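Report on one structure; see the data block that follows.
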Amino acid sequence: MANQYNMINDLDKTDIYINSKCNTPKECSLDIGDAKSQLTIVCQNIRSIHKNFDNFSVFLSELDFLPDIIVLTECRLSESTPLVYLNNYVCHYSKSYLNQNDGIAVLYRNNLQVTIEEPSFREANCLLIHIAKIYTICAIYRSPSFYNINNFCESLEIIMQGCNSPNCIIMGDINIDISPDSKDRRASDYLDATGHYGFYPGHHYPTHDRTCLDHVLIKSKKAVKVVMCRSGITDHDTVVTGIAKEFSYSQPNSKSKIKIDYTNLSKAIESINWNSLYMNNEVNKAFDDFIGTLSSTIQKYTTAETSRNSKSIRKPWMTKGLIRCIRKRDLLHKESSKKYNKDNYTIQQQYKNYRNLCNNLIQNLKNEYDRKTLEDTKGDSKKTWSAIKRICNIKKDMMNNLELLHACPDTKKSLDRANKFFTSVGEELAAKTLSNFNKTESELALITSSLYLNSSPSSSFYANPTDNYEVDKIISNLKDASAPGWDGIPNKILKLNKSHLIPPIVFLCNLSISSGIVPTSLKTANVCPIFKSGDKTAVSNYRPISLLTSLSKILEKIMNTRLLGYLERNGILSDNQYGFRKNRSTEDAVTDIVDFVVTKLDNGNKCTGIFLDLAKAFDTVSRSILLRKLEGIGIRGIALEWFQSYLSNRTQRVILGNNYSSYANLKYGVPQGSVLGPTLFIIYVNSLCSLTLCKAKIFAYADDTAIVFYDRTWELVYKAAESGVSQIAQWLNYNLLTLNVDKTKVINFSVCARNACPSHLAIKLHTCHGGPDSDCSCPCFEQVAHIKYLGVYIDKNLTWTKQIEHVSGRVRKLLHVFKRMGQIANTKVLKMIYDTLCESLLSYCIVAWGAALKTHLIKAERAQRAVLKVAYKKPRRFPTKTLYQVTGAMSVRQIYIIAVTLRFHKEALLKVESKIHCRRGPGWHKPKRRLDFGKRCFQYMGPLLYSKLNVKLNLIPMTKTKCKSHIKTYLKDLDYDDTEKLLNIY
């Protein structure tokens with residue numbers, strides 16, 4: 001009996017719950033106790049997240065603590081729903097929906113180590129939230145439309161079986177009544193299933209009228225507090241849970257904000273005497289003196305203001321009057337919830353009327369604040385765009401790199417690990433390549449320069465000194481919002497005080513250029529890791545962006561201007577390189593690839609495109625080889641010494657928030673995020689773009705390289721491709737760049753299925769030195785039906801169906817944005833937002849994909865019309881022609897006509913300089929095409945459309961802006977049929 005008693009006593013000790021029911025946020029905060037010692041979770045059935053999230057934000061601002069985890073159920077999500085934004089939180093949505101009410105949103109503190117997964121779950125939404133490998137929270141929303149719970153319980157059992165964390169919580173709106181007097185027959189089966197795995201209810205209080213539908217089921221030996229709060233957000237109460245914390249993390253009680261006294265700072269800078277600086281001819285000392293003097297002056301007039309974190313969640317439109325209104329509403333809710341008032345019509349109606357008043361007040365205050373914000377930003381497109389992103393919840397989550405802090409138990413070790421990876425990745429990849437050659441990097445640089453460098457230009461590069469005008473222009477174009485470098489000198493201070501700072505900056509830059517020395521202080525960078533995709537704890541999934549000092553940006557822009565001018569004047573850069581060059585863009589690269597393929601297919605050739613993926617291309621640039629290439633293109637003497645100084649002895653540290661890694665040397669690569677880095681990279685890969693390949697053409701945008709091979713038969717194409725790939729692989733090896741075979745893709749282009757490539761053919765990367773005809777086990781490149789190149793989906797039949805689906809999906813995601821903006825913005829602002837968000841999506845590279853068949857393109861047009869109807873509050877069946885007239889928007893087909901005509905206009909002006917005054921200009925000759933397929937490309941449609949419009953509008957003498965304006969005016973008067981006549985290829 002004693003043993004049995006002890007066993008029962010032990011079972012009782014495993015679950016220690018303190019349950020209470022309160023009615024206001026203040027009472028809730030008191031009952032939950034010390035929030036710092038607990039993991040706090042707020043769960044709320046929100047019944048449409050975008051309808052009631054503002055109300056929920058008011059509730060959060062009334063709490064005396066910031067919850068660690070927020071679970072919102074019945075969010076009514078869709079694929080186009082944008083994430084909500086809350087200060088200090090990261091938002092995550094569920095992706096699978098069974099009906100229109102479905103969806104779970106989880107918001108967690110950005111300093112928590114959280115991973116979220118969405119398991120397969122029948123007849124419910126489910127998100128698993130793992131916290132520091134100690135806690136697992138299973139957030140569930142189960143719709144009441146499913147009465148039978150067998151499938152639900154089976155899915156839940158799978159989750160409970162795999163729940164290995166010491167502290168597990170199941171919570172959410174389950175829609176099964178487990179209150180003590182419940183008459184729900186399903187409750188016993190549900191509680192038996194959960195109890196079998198050690199989960200027990202944390203409360204039995206009613207959360208929806210008199211039923212307990214919002215559950216907290218707990219499996220833990222820790223003390224747990226569950227508190228009900230009648231918030232009045234929806235007809236479901238808020239459930240607040242606190243569980244004893246088993247880990248520690250930084251949870252500051254205040255938020256720091258840097259404040260600079262710009263007025264007195266300007267006076268102090270004006271009084272600085274720079275005469276001693278002008279007497280100094282030692283580059284490093286001169287720069288250090290300037291940076292030290294300016295930094296110390298800024299520090300004197302800089303203060304750090306702190307604000308309580310509990311206030312940081314409060315929105316600026318939350319007035320004191322609104323808070324008083326909310327508190328009165330909560331008191332009325334408390335009174336109406338009492339048992340003896342349940343049937344009192346007067347009290348119930350009084351509460352409902354006042355609740356509706358509060359909800360309307362919240363919406364009106366928010367709309368008025370947003371409307372005023374937009375009006376205040378009038379004339380400043382940058383501020384307007386920033387306001388739009390805040391209002392429409394389309395701000396990018398910039399805190400998603402904090403996962404790196406938790407890669408190791410110690411924060412500094414985590415950052416040191418990340419910095420070591422960034423600084424060593426190039427060296428490790430280069431070491432693998434060098435081991436194959438059995439040569440040093442210097443020896444390989446000599447071989448590379450002799451094999452791949454073209455003849456040197458007759459002229460040599462000369463970096464002429466800068467002046468006040470050039471530096472003034474550069475400083476004026478610096479971005480105010482850019483993060484400062486290690487010296488802490490913001491761009492804004494340079495801009496406000498440029499009249500006093502330009503002379504010493506000009507002196508310093510000229511001193512650096514004339515001496516061929518880049519100061520050490522400008523070669524130190526703070527590196528901010530930017531998350532790309534995949535596992536957030538893997539350093540390889542981050543791109544290191546260098547945050548350089550403002551002085552470094554100025555000096556680099558001066559040299560970059562001179563370097564690019566030299567390269568273009570002497571025709572050094574390959575015509576196949578489109579990246580980081582004036583008057584060249586991603587649209588040019590995509591359009592030229594498509595035109596080349598279409599031309600070859602129309603001529604009866606077979607075409608194969610190989611899209612290369614270079615592993616960490618910018619990080620693995622060999623500086624020895626790069627300097628040889630710079631010398632080979634005519635950069636010699638002091639100029640070459642300057643670039644050698646720029647590339648050598650570079651150091652960096654990783655920075656995340658207020659956390660820093662140790663400094664580490666960077667031996668390979670060009671700094672990502674720098675001004676000179678991209679230009680130096682395209683010089684490095686210039687000889688790759690100039691390779692002479694049999695039956696092939698290369699297209700490159702920086703490291704995004706595509707090679708199109710063609711010939712009369714597929715066998716010959718593949719033979720040429722394998723030979724060409726071998727040449728490219730050899731070039732990459734000699735230049736210490738690494739080809740990622742797994743991510744390099746092949747597309748076999750064809751007009752129709754009968755001309756498709758035989759399935760047995762494959763392109764191999766021969767590492768066996770056996771040649772294209774050898775039968776070996778070398779790796780093959782994967783063949784795909786479509787590929788995303790420079791943001792555009794190119795498919796093997798060039799039907800553009802995948803690209804149109806992609807564009808249509810992105811446009812539909814804007815429906816909620818325009819629904820929100822339609823409530824507050826005037827017509828002019830609405831049109832500007834449409835042009836910025838929607839039309840920019842539709843017009844990107846439309847020259848390439850806009851000539852698709854009407855049956856395919858109609859999907860994008862329907863998505864566009866849906867956005868316009870929502871924005872301008874028009875009914876779903878509103879006439880299309882009237883819609884475009886009322887909104888002033890161009891149809892997708894008209895956007896295509898404008899894009900093609902403007903692109904051809906730029907080329908036409910170069911061809912007819914001598915005939916510019918002719919009224920109709922010369923005849924624009926279209927290339928011959930055998931197939932209708934061949935006529936749907938820019939080379940054919942460009943002269944066709946330009947000739948037709950030139951007859952009507954006399955476009956030749958016009959500037960680009962005037963030409964665009966006239967075409968738009970002309971197209972607005974055309975109906976659908978007239979627009980199609982313009983596109984008629986016959």
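The structure displayed is predicted, hence computed values, not measured ones. Along the sequence shown, the residues carry numbers beginning at 1.
Nearest heavy atoms, Ile49 versus Ala105: CD1-CB, 3.7 Å. Closest approach of Tyr542 and Lys616 over heavy atoms only: O-NZ, 4.0 Å. The shortest non-hydrogen separation linking Val847 to Tyr896 is O-CE1, 3.8 Å. When all heavy atoms are compared, the tightest approach of Phe699 to Tyr789 is O-OH, 3.7 Å. The nearest pair of heavy atoms linking Leu982 to Lys948 is O-NZ, 3.0 Å. Across Arg712 and Lys606, no two heavy atoms sit closer than the pair O-CG, 3.7 Å.
Atoms OG1 and OH, on Thr887 and Tyr834 in that order, are 7.0 Å from each other to the nearest 0.5 Å. The structure places OH of Tyr970 at 6.5 Å from CG of Leu953, a figure rounded to the nearest 0.5 Å. Interatomic distance, CE of Met941 versus SG of Cys937, reported as 9.0 Å (0.5 Å rounding). Once rounded to the nearest 0.5 Å, the distance linking NE2 of His905 with CG of Asn950 reads 9.5 Å. The structure places CE of Met890 at 9.0 Å from OG1 of Thr979, a figure rounded to the nearest 0.5 Å. Expressed to the nearest 0.5 Å, how far CG of Asp102 lies from CG of Leu77 amounts to 8.5 Å.
Annotation: Lys964, atom NZ; neighbour count of heavy atoms from other residues, nucleotides and ligands within 6.0 Å does not exceed 12. By the 6.0 Å contact criterion, NZ on Lys831 is enclosed, its count of non-hydrogen atoms from other residues, nucleotides or ligands being greater than 12. Other residues, nucleotides and ligands contribute at most 12 non-hydrogen atoms within 6.0 Å of the NZ atom of Lys582. Around NZ of Lys796, the count of heavy atoms belonging to other residues, nucleotides or ligands within 6.0 Å does not exceed 12. Counting heavy atoms of neighbouring residues, nucleotides and ligands inside a 6.0 Å radius, atom CD of Glu568 exceeds 12 of them. Around atom CZ of Arg76, more than 12 heavy atoms belonging to other residues, nucleotides or ligands sit under 6.0 Å away. More than 12 heavy atoms of other residues, nucleotides or ligands lie within 6.0 Å of CZ in Arg929, so this atom counts as buried by the packing criterion.
The backbone N or O of Asp588 sits nowhere less than 3.5 Å from a side-chain atom of Thr591 that would complete a donor-acceptor pair. In this structure, Tyr85 contributes its side chain and Cys91 its backbone to no donor-acceptor pair below 3.5 Å. A donor-acceptor distance shorter than 3.5 angstrom exists from the side chain of Trp714 to the backbone of Asn755, with no hydrogens or angles considered. Put simply, the side chain of Ser723 never gets that close to the backbone of Lys719: no donor and acceptor are under 3.5 Å apart. Counting only distance, with no hydrogens or angles, the side chain of Glu118 and the backbone of Lys95 share a donor-acceptor pair below 3.5 Å. Checking side-chain atoms of Asp595 against main-chain N and O of Phe938 turns up a donor-acceptor pair under 3.5 Å. Side chain of Asn99 to backbone of Asn101: a donor-acceptor contact under 3.5 angstrom is found. Judged purely by atom type and a 3.5 angstrom limit, Ser574 uses its side chain to pair as donor or acceptor with the backbone of Asn576. Side-chain atoms of Asn797 come within 3.5 Å of backbone atoms of Ser750 as a donor-acceptor pair (strictly under, hydrogens ignored). Distance alone, capped at 3.5 Å, is enough to place a donor-acceptor pair between the Ser690 side chain and the Asn686 backbone.
Residues Asp592 and Arg903 are paired through a salt bridge, judged by an N-O separation under 4.0 Å between the basic side chain and the carboxylate. The residues Lys745 and Glu782 are annotated as salt-bridged, a charged nitrogen and a carboxylate oxygen being separated by less than 4.0 angstrom. The pair Glu722-Lys764 does not count as a salt bridge, with every side-chain nitrogen at least 4.0 angstrom from each carboxylate oxygen. Salt bridge Arg584/Asp575: present, at least one basic N to carboxylate O contact under 4.0 Å.
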Using the side chain to side chain contact (heavy atoms under 4.5 Å, CB included) rule, take Leu868 and Phe878 through it: C-alpha gap first, then chi angles, then the decisive distance, then the call.
CA-CA 10 Å; Leu868 288 171; Phe878 195 76; over 6 Å; no
Would you sort out whether Phe596 and Tyr710 count as a side chain to side chain contact (heavy atoms under 4.5 Å, CB included), showing the intermediate values?
CA-CA 10 Å; Phe596 184 81; Tyr710 62 93; 3.7 Å; yes
May I have the step-by-step check of side chain to side chain contact (heavy atoms under 4.5 Å, CB included) for Val746 and Thr608, ending in yes or no?
CA-CA 7 Å; Val746 174; Thr608 289; 3.5 Å; yes
Apply side chain to side chain contact (heavy atoms under 4.5 Å, CB included) to the pair Thr799 and Trp849, showing each step before the final yes or no.
CA-CA 8 Å; Thr799 58; Trp849 61 267; over 6 Å; no
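No side-chain N or O of Glu861 forms a donor-acceptor pair with one of Ser891 less than 3.5 Å apart. For the residue pair Asn748/Tyr718, the side-chain donor-acceptor check at 3.5 Å is satisfied. A donor-acceptor contact closer than 3.5 angstrom is absent between the side chains of Glu839 and Tyr844. Side chains of Thr801 and Asp795: no donor on one and acceptor on the other come within 3.5 Å. Judged by distance alone, the side chains of Thr599 and Gln939 do bring a donor and an acceptor atom under 3.5 Å apart. Checking Glu587 against Tyr578 by side-chain atom types alone, no donor-acceptor pair falls below 3.5 Å. Residues Asp613 and Thr744 have side chains that never bring a donor and an acceptor to within less than 3.5 angstrom of each other.
Between Tyr684 and Trp731, the ring-plane angle classifies as perpendicular under the 30° and 60° cut-offs. Note on ring orientation: taking the six-membered ring where Trp is involved, the planes of Phe618 and Phe580 are perpendicular (angle over 60°, cut-offs 30° and 60°). Under the 30°/60° scheme for interplanar angles, the aromatic rings of His816 and His50 are found to be tilted.
Looking at Lys600 and Phe709, their side chains never come closer than 4.5 Å, going by heavy atoms from C-beta outward. Phe749 has its side chain within reach of Leu601: a pair of non-hydrogen atoms, C-beta onward, lies under 4.5 Å apart. A 4.5 Å side-chain heavy-atom check between Lys828 and Met832 finds every atom pair outside the cut-off.
Checked against Val685 for a side-chain contact (heavy atoms from CB on, under 4.5 Å), the options Leu732, Leu737, Asp703 give a single hit: Leu737.
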